[in-house]
Amino acid sequence: MCGAFCASTGEDVSLHGPPYVTGDLVYLPYGAAGIVVLDISDVSQPRQVGGLSFSPPFHSRFGVHSVLPIPERGIAFANSENVTYGLGPMHHASIVDISDSSEPFLLSLLPEPVPPEGAPYSDFTTRGGWRGPHNINHHQHHPDVQKQGDLFYIAHFNAGLRVYDVSNPRLPREVGYFIPPEPVRRYGPMPEDKLVVQTEDVVVDRRGFIYITDKNQGLWILRYTGPRPETDRT
């Protein structure tokens with residue numbers, strides 16, 4: 001059973017973070033409350049000017065875990081965190097139109113990962129462990145972290161690292177992935193069921209090196225060598 005992770009929507013409203021400030025606006029991932037946009041031109045009196053709910057139809061616990069606004073393109077990336085061991089409603093990784101911050105709307109959903117050929121499981125929902133997206137390449141305005149371009153990197157728990165071409169925000173395409181080998185030893189209590197890959201975090205530096213972590217395997221350092229979008233803004 002998923003216990004508290006299946007709590008009702010009202011109990012699942014929480015700020016996960018990180019918040020992203022763009023000028024006088026801040027974008028907040030607020031769990032079951034979705035994306036919340038605040039005007040902070042007067043920091044002593046922030047006020048909500050927009051928002052977008054994802055729950056329902058998607059699950060409510062960490063219904064929006066991360067949001068990354070790219071104001072120069074008028075879009076934001078958003079995703080949930082699904083910790084229900086395959087129970088309940090679906091998770092999501094999404095692209096949102098924020099050209100009007102008072103009325104953001106959904107543009108597209110990133111395709112679900114497909115198991116590699118010959119995998120001993122038919123989908124990632126039933127393979128064990130946590131499934132779905134987790135952390136993304138949060139640049140946080142850091143000069144040594146690669147800014148968001150036309151390749152989007154996201155850690156996908158039991159599906160490893162997934163890479164998407166997001167040059168067309170209406171039609172994102174998966175262009176690469178890396179699934180670490182199965183762990184052989186537990187270093188902590190998670191996941192509570194099968195001992196399987198749980199890719200947790202991802203960050204990409206300005207040289208293009210990709211760093212991912214796993215709950216029970218430490219750190220992997222990778223480089224994307226697949227096709228690049230024709231209009232790559234990286």
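Numbering of residues begins at 1 and proceeds along the displayed sequence. Keep in mind that what you see is a predicted model, and the values were worked out from it rather than measured.
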Kindly write out the residues that satisfy side-chain hydrogen bond (donor to acceptor under 3.5 Å, both in side chains) with Ser14, not counting sequence neighbours, or none if the list is empty. none
Taking the basic N atoms (NZ, or NE/NH1/NH2) and the acidic carboxylate oxygens, is any pair closer than 4.0 Å for Asp150 and Arg73? yes
Cut-off 3.5 Å, no hydrogens considered: what does the side-chain donor-acceptor table look like for residues 112-123, sequence neighbours left out?
residue: Glu112; atom: OE1; partner: His91; partner atom: NE2; Å: 3.2
residue: Glu112; atom: OE2; partner: His91; partner atom: NE2; Å: 2.9
residue: Asp123; atom: OD1; partner: Thr125; partner atom: N; Å: 3.0
residue: Asp123; atom: OD1; partner: Thr126; partner atom: N; Å: 2.8
residue: Asp123; atom: OD1; partner: Thr126; partner atom: OG1; Å: 3.0

Can you give the donor-acceptor pairs under 3.5 Å from side chains of residues 22-35 to other protein atoms, not counting sequence neighbours?
none

Student check: side-chain heavy atoms of Leu38 and Arg47 closer than 4.5 Å: no
Looking only at side chains, do His156 and Thr199 share a donor and an acceptor under 3.5 Å apart? no
Taking the side chain as every heavy atom from C-beta outward, state whether Pro180 and Trp220 have any atom pair closer than 4.5 Å. yes
Just one of Val204, Ile136, Val166, Ile75 clears the side-chain contact (heavy atoms from CB on, under 4.5 Å) bar with Gln148, so which one? Val166
Kindly indicate whether the side chain of Ile95, heavy atoms from C-beta on, has any atom under 4.5 Å from the side chain of Arg170. no
Pairing residues for Phe152 by the ring pair (Phe, Tyr, Trp, His ring centres under 6.0 Å) criterion, not counting sequence neighbours: Phe77
Report yes if some heavy atom in the side chain of Val21 is under 4.5 Å from a heavy atom in the side chain of Ile40; otherwise report no. yes
Roughly how far, to the nearest 0.5 Å, is the CD1 atom of Ile179 from the CD1 atom of Ile212? 10.0 Å
Counting N and O atoms only, with roles assigned by atom type, does the side chain of Glu182 sit under 3.5 Å from a partner on the main chain of Val197, one being a donor and the other an acceptor? yes
Compare all side-chain heavy atoms of Val163 with those of Tyr177 and state whether any distance is below 4.5 angstrom. no
Taking the side chain as everything from C-beta on, heavy atoms only, tell me whether Tyr153 gets closer than 4.5 Å to Tyr224. yes
Should side-chain heavy atoms under 4.5 Å link Ile, Leu, Val, Met, Phe, Trp and Tyr, which residues sit in the same cluster as Val145? Val203, Phe209, Tyr211, Leu219, Ile221
Arg173: what forms a side-chain hydrogen bond (donor to acceptor under 3.5 Å, both in side chains) with it, not counting sequence neighbours? Asp165
For the atom pair OG1 (Thr213) and CD (Glu200), what is the distance rounded to the nearest 0.5 Å? 6.0 Å
Note, Glu174 side chain near Arg162 side chain (heavy atom, < 4.5 Å): yes
Interatomic spacing from CZ in Phe58 to OG in Ser80 - rounded to 0.5 Å: 8.0 Å
For Ile154 against Pro133, the heavy-atom pair lying closest together: CD1-CB, 3.4 Å
Is the shortest heavy-atom distance from the side chain of Asp201 to the side chain of His134 under 4.5 Å? yes
